[in-house]
Amino acid sequence: MEAIDRNNLDKLKALNNKFVLKIVIEFVTLCKPSKVIVITDSEEDIAYVRHRAVELGEEARLKLEGHTIHYDGFFTMANHDQARDKGNTQVLVPKEQEYSYPWINTMEREKGLNEIMEIMDGCMEGHECVIRFFCLGPKNSKFSILALQITDSYYVAHSEDLLYRAGYEEFKKLNGSNNFFYFIHSSGNLFGDPPVTKDLEKRRIYVDLQERRVLSCFNQYAGNSVGLKKLALRLAIHKSNNEDWLAEHYFIMGVHPKEKNRTSFFCGAFPSACGKTSTAMLPGQTIVGDDIAYLRVWDDGYAHTVNIERGIFGIIKDVNAKDDPVIFEALTTPRETIFSNVLVKDGTPYWIGDGRLIPDNGINFSGSWNKDKKDKDGRVIPHAHPNARYTIGIEELENADPNLHNPDGVPIHGIFYGGRDSDTMPPVLESIDWEHGVFLGASIESETTSATLGTEGVRMQQPMANLDFLVVSLGKYLKNHQKFGKRLKYPPKVFATNYFLKNKDGKYLNGILDKLIWVIWAEGRIHNEFEAIMTPIGYIPKYNDLKSLFKQYLDKEYKQEDYIKQFSIRPNKLLEKQIRIENMYIKEKDMPAFFWYILKNQRGELSRIKDKYSLEEISPFLFEK
Ligand code: OXD
Ligand code: MN
């Protein structure tokens with residue numbers, strides 16, 4: 001270990017943890033970096049990370065103070081490192097389990113480890129390797145899990161400072177135990193200026209449940225490289241499903257209805273790029289988290305939750321002064337912010353849908369760019385990538401909720417499940433009870449987006465928007481949800497939302513800010529303030545309540561004809577959906593019985609109303625008693 005000097009070694013030794021030392025020795029020996037830098041929680045060490053990210057060219061300074069730009073690898077619009085790589089993400093399992101999870105990429109552990117260790121042999125040659133310590137969740141909290149990150153990317157290390165709580169001092173409190181997750185990441189061979197991953201064909205993300213670690217190499221995109229984000233979510237799902245809590249792809253927000261002097265807390269799961277961050281950021285509300293939450297049964301009878309992060313790695317598309325005023329303001333004023341994969345001209349970042357005039361040329365994720373630029377396959381290169389991102393601390397935002405670091409988390413009153421669904425589900429729907437809520441979450445469908453590699457616009461099942469990260473069988477996962485709710489005296493009310501319903505001409509039936517109304521209506525339902533209409537798929541709002549909420553919150557006249565279009569029940573579309581859901585879940589071996597019971601009942605009810613009305617769309621008024 002000549003790569004580590006005395007000072008850095010002392011920092012490691014001060015932790016008094018032989019497991020940390022063993023991991024560092026194993027991976028430094030394998031990856032062969034030229035130097036090892038250990039980062040503590042000190043201001044000086046953290047400033048060093050920020051400084052090196054720029055000095056090494058992984059980030060470049062922009063015009064506004066604190067703003068930097070980072071680029072991930074790009075060859076063509078179809079071959080790049082600008083999104084999560086689901087295909088090369090594998091869960092390593094014992095041989096006999098390899099084919100038992102129909103929805104999860106699994107690989108035999110020994111085989112996977114041999115393969116990735118070979119790829120990682122020497123992958124950090126000529127690079128510095130940074131050792132980082134973080135705390136997933138607030139400090140001194142029952143929820144939290146410590147995490148060790150080893151990476152040769154200062155961009156990854158810097159992003160983690162914005163996104164997670166420092167944990168070097170917390171590691172000391174472990175008293176030598178191995179009760180932590182760990183992540184090894186390398187960008188692999190780099191080329192160009194800025195330096196990006198060259199050999200994308202060697203990109204691998206292997207989740208080793210047995211050792212509570214994830215090995216990730218030959219990539220830079222944060223969804224693949226930042227261990228504490230989606231890689232830790234996978235480890236947490238494994239742990240929580242073998243214990244008695246939940247690890248979810250949830251935002252957490254405080255909802256503050258006007259003139260009521262109260263706050264209700266909601267979680268929400270939406271597949272990537274389906275309105276998750278913008279729901280958590282709705283004007284007038286507060287944000288606790290926008291991506292990942294741990295939930296526990298609390299002794300006040302509620303489920304409590306914490307944001308395991310303290311920052312946002314958000315999609316920067318259609319963020320403009322009108323539709324996303326809070327984020328737009330934060331991103332256009334000086335503060336520590338990393339932009340990735342956007343267009344830069346004269347030190348100013350531009351992204352898709354920012355409401356500004358797009359410059360004709362500049363630097364973007366494809367290098368030097370002009371508006372006619374095409375890739376090798378003849379595909380037009382947009383000025384910014386549709387999955388371009390910003391990384392920022394939540395406390396930088398004026399709507400940060402004061403409970404962000406509360407070790408007890410916040411009580412959850414409601415949960416939203418939403419997808420990108422152009423023709424099936426109404427904009428908001430309330431479940432009948434907890435189990436029906438689990439069913440609603442389990443039956444989210446969504447059209448694919450640019451947040452993952454592959455074709456966009458394909459309808460996919462997205463249970464709890466967590467399928468990409470599942471490492472246990474869906475049946476086990478749903479049973480864990482069911483049991484969790486049963487243990488609560490006050491289970492949250494569950495709502496399904498759909499912001500993407502379209503008319504026959506492909507035009508959206510809702511305005512971007514209308515989601516505020518669905519959220520406020522749901523909050524009112526928690527407090528028994530609105531009546532609702534029972535339909536075969538759950539409760540929907542009454543027209544008059546929405547009409548006054550639209551007026552009060554958006555100063556908008558909500559027309560009855562719009563309500564009818566949005567909230568009509570579509571029996572044929574819904575019956576088709578039921579078949580798709582059945583086809584998916586039938587492949588699972590250990591499904592909970594309640595799921596099939598609800599599916600069967602709904603199918604019966606939908607067939608009944610289909611025969612009764614013989615209509616493609618049944619007006620909500622026909623369900624009103
Ligand atoms: C994300 C994602 O970045 O889910 O949050 O892809
Ligand atoms: Mn996410």
Side-chain angles (χ1 to χ4, degrees), residues 70 72 80-89 136 155-156 159-160 162-164 185 203 205 207 214 216 219-237 246-253 267-281 287-294 305 307-319 324 327 338-342 351 365 384-394 415-420 441 444 446-454 456 460-471:
H70 162 82
D72 298 312
H80 56 71
D81 185 24
Q82 313 267 327
R84 277 192 279 111
D85 181 356
K86 292 209 277 179
N88 283 310
T89 304
L136 290 161
Y155 157 69
V156 168
S159 300
E160 288 179 334
L162 289 170
L163 293 171
Y164 304 99
H185 165 259
R203 180 171 46 196
I205 302 117
V207 184
V214 183
S216 167
N219 64 65
Q220 287 167 308
Y221 173 70
N224 301 317
S225 62
V226 169
L228 283 85
K229 200 169 203 20
K230 292 308 192 317
L231 314 189
L233 174 59
R234 293 176 171 99
L235 298 181
I237 287 175
L246 302 179
E248 297 301 318
H249 193 200
Y250 281 165
F251 71 64
I252 310 164
M253 72 187 292
C267 290
F270 297 66
S272 323
C274 291
K276 189 165 164 215
T277 308
S278 59
T279 304
M281 288 280 183
I287 176 167
V288 184
D290 87 315
D291 202 30
I292 303 172
Y294 293 171
T305 186
N307 179 8
I308 58 123
E309 308 185 284
R310 67 178 186 105
I312 299 179
F313 173 63
I315 298 185
I316 189 168
K317 181 174 176 243
D318 298 329
V319 174
D324 261 323
I327 312 179
I338 310 172
F339 292 86
S340 56
N341 306 325
V342 295
W351 52 90
F365 57 95
H385 196 276
N387 191 35
R389 300 280 176 147
Y390 63 90
T391 305
I392 195 173
I394 289 184
I415 299 177
F416 293 110
Y417 287 114
R420 182 177 287 265
I444 300 179
S446 196
E447 288 137 33
T448 49
T449 68
S450 56
T452 54
L453 302 178
E456 284 180 45
M460 303 272 278
Q461 272 80 43
Q462 288 275 9
M464 276 73 176
N466 219 0
L467 188 62
D468 285 0
F469 314 110
L470 275 200
V471 292

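What you see is a predicted model; the values in this text were computed from it and never measured. Atoms within a ligand are numbered from 1 in the order they appear, just like the ligands themselves. The figures here come from the full heavy-atom set of this structure, side chains too, leaving out hydrogens, waters and symmetry mates. Position 1 is the first residue of the sequence, and the numbers go up from there.
Judged by the shortest distance from any of its heavy atoms, K276 lies outside the 4.0 Å radius around the atoms of ligand 1. Residue contact check for ligand 1: K229 places no non-hydrogen atom closer than 4.0 Å to it.
Contact annotation: A465 places no N, O or S atom under 2.8 Å from the Mn ion (ligand 2).
Between F469 and H249, the ring planes lie perpendicular to each other; the angle is over 60°, past the 30° to 60° tilted range. Ring orientation note: the planes of F270 and F251 are close to parallel, at an angle under 30° on the 30°/60° scale.
Only the side chain of R84 comes within contact range of ligand 1, with a heavy atom under 4.0 Å; no backbone atom does.
Of all atoms in ligand 1, numbered sequentially from 1 with element shown, those under 4.0 Å from a heavy atom of H249 are 4 (O). Applying the 4.0 Å criterion to heavy atoms of S272 picks out, from ligand 1, the atoms 2 (C), 4 (O), 6 (O). Near K230, meaning under 4.0 Å from one of its heavy atoms, ligand 1 places the atoms 1 (C), 2 (C), 3 (O), 4 (O), 5 (O). Shown in contact with D291 at under 4.0 Å from a heavy atom are these atoms of ligand 1, numbered in order with element: 5 (O).
The pair K276-D290 does not count as a salt bridge, with every side-chain nitrogen at least 4.0 angstrom from each carboxylate oxygen.
A side-chain donor from one of D72 and N341 sits under 3.5 Å from a side-chain acceptor of the other. A donor-acceptor contact closer than 3.5 angstrom links the side chains of Y250 and Y417.
Where the criterion is an N or O separation shorter than 3.5 Å, residue side chain and backbone included, Y221 fails it with respect to ligand 1.
Angle NZ(K230) to the Mn ion (ligand 2) to OD1(D291): 90° [nearest 10 degrees].
We find the CZ-CD1 distance between R389 and I312 to be 11.5 Å, quoted to the nearest 0.5 Å. For the atom pair CG of N307 and CG of L136, the computed distance is 10.0 Å after rounding to the nearest 0.5 Å.
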